[in-house]
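These notes concern the structure reproduced below.
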Amino acid sequence: MSSVGVAPLLATVAAAVSEAIERVRPELAGADPVVRRSDRADFQSNAALPLAKKYGLKPGDLAGELAEQLTAEGSTAPVAAAVPSGPGFLNITLTDSVVWSRIADRLADPRLGIAEAAAGQRIVIDYSAPNVAKEMHVGHLRTTIIGDSLARVLGFLGADIVRANHLGDWGTQFGMLIQYIDEHPDQPWRTDDLADGSSVSALDSLYKAARAAFDADPAFADRSRARVVALQNGDEPTVASWNEIVAESEKAFGAIYDRLGVLLTPEDYTGESFYNPLLADTVTELLDKGVAIHSDGAVVIASDTVTGPDGDPAVLMARKSDGGYGYDSTDLATIRYRITELSADRLLYVTDSRQALHFQLVFEAARRAGWLTDTVTVDHVAYGTILGPDGKPFKTRAGGTVRLMDLLDDAVAAARAVVADKNPDLPADQLDAIAEQAGIGAVKYADLSTSRVKDYTFDPQRMTAFGGNTGVYLQYAHARMCSILRRAGEPLAVTVDTTATIEPAERALALTLDDYGTVVTDVATTLEPHRLAGYLYELARAFTTFYDTCPVIGAPEPTRSNRLAVCQLAARTLAHGLGLLGIAAPARL
Ligand code: ARG
């Protein structure tokens, strides 16, 4: 059942309407049944209007014919009522029994009836990608959270995911840093030499000092340049320092990943340095193919499609005039490697929108080089900026970059206050654990529920509110579902009586639950997790209405069992959906 999945009710209705169209007007076979959810009935078909127009029929007549066909004796469509309305709409209500049996089918499947729609695809997701010797800051939050959610969604749909953490671990800045460290042995930066153990923050300061020295002291600048050459030529002590710096930084990134609960592991670190041995070859190939050209000693790729503000073609720097390679070179070698060596079917790059032009040019070059063909899809998954309370890009009060760890601390502190307020008797250790899950979940939900391309304001109080569209609200809704199930007595094996009638609030919730797979597949196509976030919020609200109007535990059989089944499917769907967003769903909050 798993790979095929349980058909969504919407698909069942669409198939029934298609069949009806073919029966009443064989010449219209294959027309779009135009079915969607409706607040007048379960579903609505708007097929009659455009079809009637095209074939000179009266829309109302055609809708009437379809309605008759759908409810005719001998029809296999699970339709209880089909009522033409307005200028040619068709309102369709399903039988109670088909709604119940879908609930039962989804409950019986560990995958909730969702097919592995992306099976057989290899998808490389480039995300997080912090820079070595620098602390992760607010700018790395969105890529890490969004990339992680997409990895979870596409992975759940059966794709083979390559998580590519494209660390900034290479470049001329390391010559400067290593040289500075070498000349200042008195300044500690190794975890073992530090009292508080924050190596990357020490490195970050040393890096800033190195840059200042580089700019102020030409002799130091020369020694730094020589260090870059030493690093590139594999000089042993230089490479050893570099390795140590990378390892210390990776430890710090790992601490953030652990706290965020993202899927990234040390195996996923494939930094820029990984592509270093491939750069020269890549540039040669681009020159041979006539994609890149020599220009003033450099090797560049001039765009066929994009022009800069001066009217000249926008340019990628494949090799600099000093013979060095930079960010552009690395991304060219990277895309080539991912397509030709990793055999990727789909490439995603999760970075902020400011890199849109860069990726547009890289994709264009890859296409011209013949690496990127029609069998490979590539997307720059762009996102907007996180804003501070003043509505400007988030900075510390002093105007510096905000450390990611500090941001998470703030959110967890806000969540702690909210949870403590709700549960005054909670022991401190439990409170800490729940606050951590709620705080981190709140940060992720605030991000993922915002349309990707939009900016949003980082506001810990608002993010952790119990009411409103927040992660905490959804976690709380899930905990409430769990509490009902606990009261019913676990382990719970409920059987669904498909002959029972279904109340309106129950039906609304059931139809929403049935939609889950469609939404998940939609996220995979559009790469927009906010669609899933929005769905989960609707689900939580539909559950609240159900809970307020349909008693569960005290209801007579078979109502009790059927409602418990609905609660169970709701809890599993909500927990699963939060899981795909990377958010914990604790059983108690
Ligand atoms: N390290 C870069 C940054 O911090 C992001 C790298 C994104 N990935 C890529 N393949 N260019 O901005």
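This one's a predicted model, so the numbers in the text were calculated from it and none came from an experiment. Whatever order the structure lists them in is the order used to number ligands and atoms, beginning at 1. In this chain, numbering begins with 1 at the start of the sequence shown.
Counting only heavy atoms of the protein, atom 2 (C) of ligand 1 lies nearest to A129 O, 3.7 Å. The nearest heavy-atom contact from the protein to atom 4 (O) of ligand 1 is N131 ND2, 3.2 Å. At the top of the distance list for atom 12 (O) of ligand 1, counting protein heavy atoms only, stands Q355 NE2, 3.6 Å.
Among the candidates Y269, F274, Y275, the single residue satisfying the ring-ring contact (aromatic ring centres under 6.0 Å, His included) test with H166 is Y275.
No side-chain N or O of T450 forms a donor-acceptor pair with one of H530 less than 3.5 Å apart. If you check the side chains of E364 and S303, you find a donor sitting under 3.5 Å from an acceptor.
In summary, the atoms of ligand 1 found under 4.0 Å from a heavy atom of H140, numbered by their order in the structure, are 4 (O). Every atom of ligand 1 is numbered from 1 in the order shown, and the set under 4.0 Å from a heavy atom of T351 is 7 (C). Which parts of ligand 1 touch F359 is read off a 4.0 Å heavy-atom cut-off, strictly below it: atoms 9 (C), 11 (N). Contact atoms of ligand 1 toward D126: 7 (C), 8 (N), 9 (C), 10 (N) (distance under 4.0 Å to a heavy atom of the residue).
The pair E436-R416 does not meet the salt-bridge criterion, since no charged nitrogen lies less than 4.0 angstrom from a carboxylate oxygen.
Residues L532 and L581 have side chains in contact (heavy-atom distance under 4.5 Å, counting atoms from C-beta outward). With contacts defined as side-chain heavy-atom distances shorter than 4.5 Å, the pair S128/F253 does not qualify.
Residue contacts with ligand 1, taken as heavy atom pairs separated by less than 4.0 Å, involve D331 solely via side-chain atoms from C-beta onward.
Note that OG1 of T385 and CZ of F458 are 15.0 Å apart. Values are rounded to the nearest 0.5 Å.
In terms of N/O distances under 3.5 Å, ligand 1 is approached by Y327.
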